[in-house]
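In what follows, a structure is listed as structure tokens, so that the remarks can point back to it.
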Amino acid sequence: MKLSILDQSPISTNQTANEALQESMNLARIAETLGYSRYWIAEHHAMPGLACSAPEVMLGFIGANTKHIRIGSGAVLLPYYKPYKVAETYHMLSTLFPNRIDVGIGRAPGGPAEASNALSDNYLQHVYKMPDLVNELIKYIDNEGTVLEAAPLPQISPDLWMLGTSRKSGNFAAENGLAYSFGQFMSDENGAEIVQQYRQSFQPRKKGQKPYVIMALSVICAETTQQAEEIALSSIVWKLQNESMEGNKGVPSVDEAKKILLNLRNQKSIERIKKKMIIGTPEEVKSKILEIQSHVLADEIMIVTITYSSKDKHQSYRLIAEQFIK
């Protein structure tokens, strides 16, 4: 089974944004060494705990420091941009790094309302126009049905993906012949039902094209269950802080997280977050991932791992790779 990585480029409390971005590049290199199929980096705006506001810039940096792993955006937040410019950017990347570029498309704001207003005068209107924006982007990427080329035209076009967390995104991907990545780690929806509907409704836009599904999961793996549970505290507390608009200091250390949890009375919130995570030993993680994969019939599993320590993150990805990648 193919495994990939989604990196949100989080900033730990002991890091600068520069250090977090350097760590993202290091993670991509490690992913390549371990045999992961692809590495995607996310786009966020005005979120102090996340370092990457411009995936297209980071992908040039990461592509130059890796050799063969596929790299891409997870996702381009299309309502903010003109499709022609997005096509130019990713055609440029595909020209520099042939047969390695993925263009994930999303419509989420990726930040607070103030950031959306700063990026676009009519963000909500562009969200409503999302089908038209995607269709325009498809034409430029496929170089079909337009009088204007999004130069430079690469020998191998980037792969287009629809990213989402709902039935609507799955149906849209199917109708437009797009590969589909479902973000189970950030969704309360039934991913299996959405993926099944996507497969049944898929309409190829190119000859021989078949539906393809990535299931994105939040995973933390360590040598023992206790270690994994402890390491996961940083991510859990950080998510709770973001929900309460207190996450400006970045991902806390395990010790910091424990202190914060002592004053947290809402145990239900912790359990709610843990339900969307896979936490455990390599064997436990493998069993759970295989269970989800067989239930959903995903073609590929994409893993997002947020820890305070880069060492713990690298170890988690290594232990998972050893279970799956031969």
Side-chain angles (χ1 to χ4, degrees), residues 3 5-8 10-13 42 44 47-50 108 110 112 163-167 169 181-195 214-296 298 301-309 312-313 315-317 319-320 323:
L3 291 182
I5 290 176
L6 172 62
D7 182 14
Q8 294 179 312
I11 308 171
S12 294
T13 53
H44 293 93
M47 297 184 70
L50 298 173
L163 277 61
T165 58
S166 68
R167 191 177 301 275
S169 60
S181 178
F182 183 78
Q184 188 67 74
F185 73 99
M186 55 189 294
S187 176
D188 294 320
E189 298 288 340
N190 187 323
E193 290 182 1
I194 291 171
V195 168
I214 286 179
M215 180 64 63
L217 307 171
S218 175
V219 185
I220 291 180
C221 186
E223 294 284 1
T224 69
T225 304
Q226 182 179 351
Q227 288 176 335
E229 293 278 358
E230 187 168 83
I231 292 169
L233 291 177
S234 295
S235 179
I236 292 168
V237 168
W238 184 63
K239 289 174 183 176
L240 288 172
Q241 289 179 320
N242 284 333
E243 288 179 357
S244 61
M245 305 301 291
E246 296 176 359
N248 293 351
K249 296 181 180 179
V251 181
S253 68
V254 172
D255 288 340
E256 290 170 333
K258 287 179 177 178
K259 291 178 182 177
I260 294 169
L261 288 176
L262 287 175
N263 299 318
L264 186 67
R265 297 180 180 180
N266 191 354
Q267 189 68 27
K268 289 184 179 180
S269 295
I270 298 174
E271 294 304 318
R272 171 177 52 80
I273 291 174
K274 288 183 71 174
K275 282 184 179 179
K276 294 182 182 179
M277 301 175 70
I278 299 174
I279 304 169
T281 65
E283 294 77 16
E284 292 168 339
V285 166
K286 180 179 182 179
S287 176
K288 186 62 177 177
I289 288 178
L290 288 176
E291 178 186 340
I292 294 172
Q293 190 273 335
S294 63
H295 181 58
V296 177
I301 297 294
M302 180 166 277
I303 297 170
V304 54
T305 298
I306 294 179
T307 63
Y308 171 80
S309 163
D312 289 337
K313 182 185 296 184
Q315 172 78 335
S316 180
Y317 281 120
L319 291 172
I320 297 168
Q323 292 294 313

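FYI, side chains are in, hydrogens and waters are out, and symmetry mates aren't considered; it's all heavy atoms of this structure.
- Of all heavy-atom pairs spanning Pro10 and Leu50, the tightest one is CA-CD2, 3.8 Å.
- How far NZ of Lys286 is from CD1 of Ile278: 14.0 Å, rounded to the nearest 0.5 Å.
- Checking side-chain atoms of Ser294 against main-chain N and O of Leu290 turns up a donor-acceptor pair under 3.5 Å.
- Note: Gln323 CD to Ser287 OG = 10.5 Å, rounded to the nearest 0.5 Å.
- Between Glu223 and Thr281, the shortest heavy-atom distance links the atoms O-CG2, 3.6 Å.
- Residues Ile301 and Ile289 come closest through the heavy atom pair CG1-CG2, 3.9 Å.
- Gln184 places a side-chain N or O within donor-acceptor distance of the main-chain N or O of Glu189, the cut-off being under 3.5 Å.
- Minimum interatomic distance between Pro282 and Ala222 (heavy atoms only, all atoms of both residues): CD-O, 3.2 Å.
- A donor-acceptor pair is defined here as one N or O able to donate and one able to accept, closer than 3.5 Å; no such pair exists between the side chain of Ser235 and the backbone of Ala232.
- Remark: the backbone N or O of Pro252 is paired with a side-chain donor or acceptor of Ser234 at under 3.5 angstrom.
- Rounding to the nearest 0.5 angstrom, the gap separating the CD1 atom in Ile303 from the OG atom in Ser218 is 10.0 Å.
- Distance check, rounded to the nearest 0.5 Å: CG of Leu233 to NZ of Lys274 gives 7.5 Å.
- The local environment of NZ in Lys276 is crowded, with over 12 non-hydrogen atoms from other residues, nucleotides or ligands closer than 6.0 Å.
- Expressed to the nearest 0.5 Å, how far CD of Gln227 lies from CD1 of Ile220 amounts to 12.5 Å.
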His295/Met215 under side chain to side chain contact (heavy atoms under 4.5 Å, CB included): CA gap, chis, key distance, verdict: CA-CA 11 Å; His295 181 58; Met215 180 64 63; over 6 Å; no
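- Nearest heavy-atom pair, Tyr308 versus Thr13, reported as atom, atom and distance to 0.1 Å: CE1-OG1, 3.3 Å.
- Pairing each heavy atom of Phe182 with each of Gly191, the nearest pair is CE2-CA, 3.5 Å.
- Taking CD1 of Ile306 as the start and OG of Ser316 as the end, the distance is 12.0 Å to the nearest 0.5 Å.
- Residues Asp312 and Val254 form no side-chain contact, since every pair of their non-hydrogen atoms from C-beta on lies 4.5 Å or further apart.
- Counting only heavy atoms from C-beta outward, the side chains of Ile270 and Leu240 approach each other to under 4.5 Å.
- Using a 4.5 Å heavy-atom cutoff, the side chains of Lys239 and Met277 are in contact.
- Considering only heavy atoms from C-beta on, Leu6 comes within 4.5 Å of Phe185 through its side chain.
- Listed by chain and residue number, nothing satisfies the side chain to side chain donor-acceptor pair (under 3.5 Å) test with Lys288 (two or more places apart in sequence, or in another chain).
- The backbone N or O of Val219 sits less than 3.5 Å from a side-chain atom of Thr305, completing a donor-acceptor pair.
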